[in-house]
Amino acid sequence: MTSTSHDPVQLLRDRFISAMRAALGPDCPPDPDPLIGPARNPKFGDYQSNAAMPLGKALGRPPREIAQQIVDHLDLAGIALPPDDSTIAGPGFINIRLAPDAYAGLLDALDTPDLGVEKPAAPETIVVDLCGVNLAKQMHVGHLRATVIGDALARIFERLGHRVIRQNHVGDWGLPIAMVTAHVADLARRGTIDLDKLTLDDLDTAYRAAQRDCSPDRRGLEAVRRYDLGPKAEAELEEQVAGAEEALERAKQTLIRLQSHDGATVAMWQRIADVTMSACHAICRRLHANVPPESAAGESTYRDELAGVVDDLVNRGLAVESDGALVIDLKDAGIAEPLLIRKSDGGFLYATTDLAGIRRRVQKLGADRCVYAVDARQGLHFKQAFAGAIKAGYARKPDGSDARLEHAAFGTVLGEDNKPFKTRSGENVKLSDLLDEAVVRAGEQIKEKNPDLPADEQRKVAEAVGISAIKYADLSSDRVRDYVFSFDRMLMFEGDTGPYLLYALVRIRSIFRNAAEQFGVTESDIDARRPGFALDAPEERALALALLQYPGVLESTAEALEPHRLCTYLRTLAEEFSRFFQQCPVLKAPDEATRGARLRLCRLTGKVLGDGLTTLGLIPVERM
RNA sequence: GCGCGCGUAGCUCAAUUGGAUAGAGCACCUGACUACGGAUCAGGAGGUUGGGGGUUCGACUCCCUCCGCGCGUACCA
């Protein structure tokens with residue numbers, strides 16, 4: 001497999017594979033992996049191969065001997081310095097230092113419109129489950145993660161040239177939704193609310209009221225009777241229980257009417273859906289998360305498929321009865337807990353819907369890969385649903401293989417007290433309030449640090465910085481871990497934060513504003529003339545090495561479904577740029593050639609940084 | 001009970017998936033042509049990677065065991 005890549009890792013990989021084949025002959029594995037990566041420590045070189053040690057183990061020979069053999073057959077012409085005494089080190093590391101004149105060529109090759117990211121040979125269709133709002137409920141921090149992480153993953157796939165289909169699996173069906181529908185209908189009938197001016201706040205309140213009204217306090221009633229707390233308390237609770245049972249019954253009737261497409265009931269439900277979804281889409285737009293209306297694929301859209309799914313599973317003997325319910329046994333997949341697909345009362349469960357969801361994604365949407373950005377607490381559920389879907393053949397692709405089904409699980413957002421992020425009274429924090437506060441705080445800092453910014457730009461910048469800060473805080477640590485939500489930390493303008501990354505880009509923009517003023521040179525001039533890279537200073541070479549890693553980082557981020565890798569990379573890139581910027585004068589460079597070379601380096605850094613930030617879903621600005 | 005996840009510097013987090021002397025940021029200390037945006041940079045200090053055992057050339061990473069925290073464990077989604 002030859003590569004036309006300009007990514008040094010790929011180039012070195014090809015050279016190493018040839019060398020390994022030549023050096024080891026029949027001992028060489030059929031698909032040798034040279035294990036090339038950026039050098040762990042710059043003092044050893046720029047890149048390293050770790051292939052000799054595992055080979056030594058496999059062949060039962062000293063790894064250094066194997067390393068020597070590989071090096072003897074290694075042709076590094078045009079890429080790296082020829083091997084010397086320090087090439088093989090330690091137990092058998094092979095260290096590579098790029099040839100000084102290779103840097104410029106590699107960077108020049110990277111400086112294409114797609115920044116070295118090659119179109120995939122076979123683009124995949126990847127369905128990303130994200131956002132997952134519920135009808136009649138405010139979005140909160142949980143939705144923040146599902147939206148921000150899901151959108152970032154989707155953007156990364158898109159950036160790599162895959163076909164991405166976003167699915168907002170809206171919780172818009174079932175008894176809880178029927179409860180709130182019935183409740184809102186009641187309120188409307190009594191004239192307590194105005195349907196024309198219905199807000200999500202109204203619905204959120206109604207949702208909780210409906211939940212309460214439909215939960216009979218039987219334990220309370222028992223307790224009152226057991227401890228004989230008096231006829232008054234007993235009567236109150238009896239009334240509560242009776243009322244709740246009645247409300248629950250009405251909700252069930254409402255659900256039946258919904259299922260049978262009763263006009264007035266459906267209209268009420270639709271009104272609730274419209275209000276919820278327009279609020280959801282407004283928040284997503286504000287978050288710069290691409291969750292368009294057409295990505296909505298609520299549970300309701302599966303309602304007519306569920307009976308078919310269950311019949312199918314029963315007919316094929318995959319689902320069996322157990323205690324009156326229907327289950328799929330998954331012991332052969334190593335899962336003790338069976339997957340419930342129908343309740344003993346005949347109702348379907350969310351697993352049923354998710355099976356139908358997988359079937360639709362793979363069979364109808366053509367998914368090669370289904371990614372679910374969903375809370376880690378759903379781990380067992382997805383393990384079961386995936387195993388069940390595979391067992392049922394719902395994940396089978398036309399070529400006979402199974403689509404990849406992956407749960408991009410994320411941890412809980414915690415408050416400063418290390419407990420799940422809630423208000424003091426134990427309520428979920430509204431996502432919109434959270435965004436507001438981040439923006440206000442960002443605005444205060446911007447006003448202080450850059451008072452000359454016109455007021456309207458200040459507002460725009462504060463919005464971008466505040467939102468980016470929240471998103472970066474959510475994306476920058478390992479997905480599955482819980483993290484503590486702290487405005488103070490995420491909005492620091494230094495350190496590992498969104499604002500710091502935005503700032504690095506702002507400095508580059510500023511250089512070009514000055515370059516235009518002082519020398520009449522613009523970014524598009526640099527793009528057109530493409531002045532040669534110089535890369536004499538160590539800071540320039542370090543920055544160049546960082547830039548060259550970009551395509552590889554995007555790949556590994558997509559493979560692992562871990563946006564924090566891209567975050568870490570961008571922060572390192574920003575740091576390398578700051579070092580370069582500190583050490584190497586650009587506009588005050590000693591001569592015109594150096595100035596041009598450094599402007600070109602700034603330009604390319606700006607492109608990669610800007611591209612990376614956008615790919616994560618952050619919002620770059622010109623000034624801040 | 002069983003299962004899953006987590007435990008790394010005072011704090012918040014990384015570690016190319018088994019590689020070299022475990023790295024960053026905050027906070028702390030010392031410096032930087034009086035600043036191409038200092039919202040920066042250079043340096044210092046800070047560690048028995050929860051404990052113990054094992055696997056091997058090599059372990060934060062894999063296996064066993066114990067401790068602590070969180071979550072999940074069939075008719076809610």
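To find a chain, count down the sequence lines: A is the first, B the second, and so on, and within it residues start at 1.
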Separation of [N] [atom2] from [X] [atom1] (nearest whole Å):
{"X": "A:Gln48", "N": "B:rG19", "atom1": "CD", "atom2": "P", "answer": "10 Å"}
{"X": "A:Glu576", "N": "B:rU40", "atom1": "CD", "atom2": "P", "answer": "16 Å"}
{"X": "A:Phe93", "N": "B:rA20", "atom1": "CZ", "atom2": "P", "answer": "6 Å"}
{"X": "A:Leu340", "N": "B:rC76", "atom1": "CG", "atom2": "C1'", "answer": "12 Å"}
{"X": "A:Lys137", "N": "B:rA77", "atom1": "NZ", "atom2": "C1'", "answer": "9 Å"}
{"X": "A:Leu453", "N": "B:rG37", "atom1": "CG", "atom2": "C1'", "answer": "12 Å"}

Task: Non-neighbouring partners of A:Tyr483 that pass ring pair (Phe, Tyr, Trp, His ring centres under 6.0 Å), sequence neighbours left out - done: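 Residues passing ring pair (Phe, Tyr, Trp, His ring centres under 6.0 Å) with A:Tyr483: none at all.
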Task: Contact residues, residues 54-61 of chain A to RNA chain B [heavy atom, < 4.0 Å] - done: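 Under 4.0 Å from RNA chain B: A:Pro54, A:Lys57.
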Check this one for me: any side-chain N or O of [X] less than 4.0 Å away from OP1 or OP2 of [N]?
{"X": "A:Arg481", "N": "B:rA14", "answer": "yes"}
{"X": "A:Ser578", "N": "B:rC41", "answer": "yes"}
{"X": "A:His564", "N": "B:rA15", "answer": "yes"}
{"X": "A:Asn514", "N": "B:rG37", "answer": "yes"}
{"X": "A:Ser510", "N": "B:rG37", "answer": "yes"}
{"X": "A:Tyr500", "N": "B:rG38", "answer": "no"}

How would you label the contact of [X] with the nucleic acid (heavy atoms, under 4.0 Å): base, sugar-phosphate, or nothing?
{"X": "A:Asp172", "result": "nothing"}
{"X": "A:Ala336", "result": "nothing"}
{"X": "A:Val506", "result": "base"}
{"X": "A:Cys214", "result": "nothing"}

- [ ] Determine whether more than 12 heavy atoms belonging to other residues, nucleotides or ligands lie under 6.0 Å from atom NZ of A:Lys252.
- [x]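 Open.
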Quick check for you: among [options], whose closest atom lies nearest to any side-chain atom of [X]?
{"X": "A:Asp482", "options": "B:rC6, B:rG70, B:rU40", "value": "B:rG70"}
{"X": "A:Arg377", "options": "B:rG19, B:rA39, B:rG72", "value": "B:rG72"}
{"X": "A:Leu380", "options": "B:rG19, B:rA14, B:rU73", "value": "B:rU73"}
{"X": "A:Arg507", "options": "B:rA20, B:rC13, B:rG37", "value": "B:rG37"}
{"X": "A:Arg513", "options": "B:rG37, B:rC6, B:rC36", "value": "B:rG37"}
{"X": "A:Tyr350", "options": "B:rG19, B:rA77, B:rA14", "value": "B:rA77"}

When rounded to the nearest Å, what value does the distance between [atom1] atoms of [N] and [M] take?
{"N": "B:rA9", "M": "B:rG50", "atom1": "P", "value": "8 Å"}
{"N": "B:rG72", "M": "B:rA15", "atom1": "C1'", "value": "29 Å"}
{"N": "B:rG47", "M": "B:rA24", "atom1": "P", "value": "16 Å"}
{"N": "B:rU16", "M": "B:rA22", "atom1": "C1'", "value": "14 Å"}
{"N": "B:rC26", "M": "B:rU40", "atom1": "P", "value": "7 Å"}
{"N": "B:rG7", "M": "B:rG51", "atom1": "C1'", "value": "12 Å"}
{"N": "B:rC62", "M": "B:rG43", "atom1": "P", "value": "33 Å"}
{"N": "B:rC6", "M": "B:rA20", "atom1": "C1'", "value": "28 Å"}

Task: Stems involving RNA chain B, each a run of at least 3 consecutive Watson-Crick or G-U pairs under 3.5 Å - done: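 As far as RNA chain B goes, consecutive pairing (with distances under 3.5 Å) yields the stems B:1-7 with B:67-73, B:10-13 with B:23-26, B:28-32 with B:40-44, B:50-54 with B:62-66.
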Assess the pair [X] and [Y]: is the distance between their ring centroids shorter than 6.0 Å?
{"X": "A:Phe16", "Y": "A:Tyr47", "answer": "no"}
{"X": "A:Tyr350", "Y": "A:His381", "answer": "yes"}
{"X": "A:Phe487", "Y": "A:Phe485", "answer": "yes"}

- [ ] Evaluate ring pair (Phe, Tyr, Trp, His ring centres under 6.0 Å) for A:Phe93 paired with A:Phe44, printing each intermediate quantity in order.
- [x] CA-CA 10 Å; A:Phe93 297 104; A:Phe44 294 122; 7.5 Å; no
TODO: Specify the residue among A:Ala325 and A:Pro63 whose closest nucleotide of RNA chain B lies further upstream toward the 5′ end.
DONE: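 Nearer the 5' end of the strand: A:Pro63.
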- [ ] Tell me which of A:Lys588 and A:Gly171 sits closer to the 5' end of RNA chain B, going by the nucleotide each one is nearest to.
- [x]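 Closer to the 5' end of RNA chain B: A:Lys588.
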Task: Any residue meeting side chain to side chain donor-acceptor pair (under 3.5 Å) with A:Arg404, in chain and number order, not counting sequence neighbours - done: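 A:Arg404 satisfies side chain to side chain donor-acceptor pair (under 3.5 Å) with A:Glu406, A:Glu559 only.
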Throw together a table of side-chain donor-acceptor distances under 3.5 angstrom for residues 61-69 of chain A, partners on residues two or more places apart or in other chains.
unit_1  : atom_1 : unit_2  : atom_2 : d
A:Arg61 : NH2    : A:Glu65 : OE2    : 3.3
A:Arg61 : NH2    : A:Gln69 : OE1    : 2.5
A:Arg64 : NH1    : A:Gly90 : O      : 2.8
A:Gln68 : NE2    : A:Asp72 : OD1    : 3.0
A:Gln69 : NE2    : A:Ala23 : O      : 3.4

Task: Ionic contact status for A:Glu576 with A:Arg579, cut-off 4.0 Å - done: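 So A:Arg579 pairs with A:Glu576 through a salt bridge.
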Open item on the list: I'd like to know if A:Ser477 reaches the base of B:rA14 with its side chain, counting only an N/O donor and acceptor under 3.5 Å.
Closed with: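 Per atom types, no contact qualifies.
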Open item on the list: Against the six-membered ring of A:Phe577, is A:Arg507 placed for a cation-pi contact (under 6.0 Å from the centre, within 45° of the normal)?
Closed with: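 Pair A:Arg507/A:Phe577 does not count as cation-pi.
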Task: Reading 5' to 3' through nucleotides 24-34 of chain B, protein heavy-atom contacts under 4.0 Å coded B for base, S for sugar-phosphate only, - for none - done: SSS-----B--
